[in-house]
Amino acid sequence: QVQLVQSGGGLVQAGGSLRLSCATSGRTFSNYAMAWFRQAPGKEREFVAGISMSGASTFYMDSVKGRFTISRNNDENTAYLQMNSLRPEDTAVYYCAASTLLSRRSQEYDYWGQGTQVTVSS
């Protein structure tokens with residue numbers, strides 16, 4: 001079992017920044033790829049960003065490229081999502097997730113954080 005506990009998020013004006021954290025425990029963090037997903041009201045959960053087990057590879061959904069950065073610290077068992085130049089359309093509940101397979105598909109992720117609200121006002 002892997003436990004994921006999220007922190008960060010909140011309310012910010014358009015153009016602002018937030019950082020989300022995802023602290024893990026239970027098993028060897030470096031054995032898992034990590035990802036961030038988000039879900040807006042009335043919409044399906046969508047992939048935002050993913051990072052490989054070592055941190056050497058990252059990938060993003062097109063609309064956040066150049067604005068969001070996913071990272072991880074394997075010594076601290078924590079993953080991060082730095083979000084800059086936030087837009088109202090980024091408003092959603094954000095979830096971190098862990099999997100033994102790096103994927104954009106939520107079905108591949110076995111463990112999930114509790115979710116955290118990000119609201120961007122215009």
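Just so it is clear, the structure is predicted and the values come from calculations on it, not from any experiment. Along the sequence shown, the residues carry numbers beginning at 1.
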Under the salt bridge (Lys or Arg N to Asp or Glu O under 4.0 Å) rule, collect the residues that match up with Lys65, sequence neighbours excluded.
Asp62

Salt bridge (Lys or Arg N to Asp or Glu O under 4.0 Å) partners for Glu108, two or more places apart:
Arg105

Please check: side-chain N/O of Arg67 versus main-chain N/O of Ser85, any donor-acceptor pairing under 3.5 Å?
yes

Supply the atom-to-atom distance [X] [atom1] to [Y] [atom2], rounded to the nearest 0.5 angstrom.
X: Met83; Y: Arg38; atom1: CE; atom2: CZ; answer: 9.0 Å
X: Gln117; Y: Thr91; atom1: CD; atom2: OG1; answer: 7.0 Å
X: Gln39; Y: Glu44; atom1: CD; atom2: CD; answer: 8.5 Å
X: Met34; Y: Ser52; atom1: CE; atom2: OG; answer: 12.0 Å
X: Thr119; Y: Asp90; atom1: OG1; atom2: CG; answer: 11.0 Å
X: Gln107; Y: Arg45; atom1: CD; atom2: CZ; answer: 10.5 Å

Under 3.5 Å, which donor-acceptor pairs do the side chains of residues 8-27 form with other protein atoms, sequence neighbours left out?
unit_1 : atom_1 : unit_2 : atom_2 : d
Ser17  : OG     : Asn84  : OD1    : 2.9
Thr24  : OG1    : Asn77  : O      : 3.0
Ser25  : OG     : Gln3   : OE1    : 3.4

Hphob cluster co-occupancy, Tyr111 + Tyr80, side-chain heavy atoms under 4.5 angstrom
no

Closest approach of Ser30 to Asn74 (non-hydrogen atoms, all atoms of both residues):
CB-ND2, 3.5 Å

May I ask you to test the Tyr60-Val48 pair for a side-chain heavy-atom distance under 4.5 Å?
no

Taking the side chain as C-beta and beyond, is there a heavy-atom pair between Glu76 and Phe29 under 4.5 Å?
no

Residue pairs involving residues 36-71 (criterion disulfide bond (SG atoms under 2.5 Å apart); sequence neighbours excluded):
none

Could you identify which residues cluster with Leu102, counting Ile, Leu, Val, Met, Phe, Trp and Tyr as linked when any side-chain heavy atoms lie under 4.5 Å apart, either directly or through a chain of such contacts?
Phe37, Phe47, Phe59, Val93, Tyr95, Tyr109, Trp112

In terms of relative ring orientation, are Phe68 and Tyr94 parallel, tilted or perpendicular, with 30° and 60° separating the classes?
tilted

Taking salt bridge (charged side-chain N to carboxylate O under 4.0 Å, His left out) as the cut-off, I'd like each qualifying pair that reaches into residues 110-122, sequence neighbours left out, listed once.
none

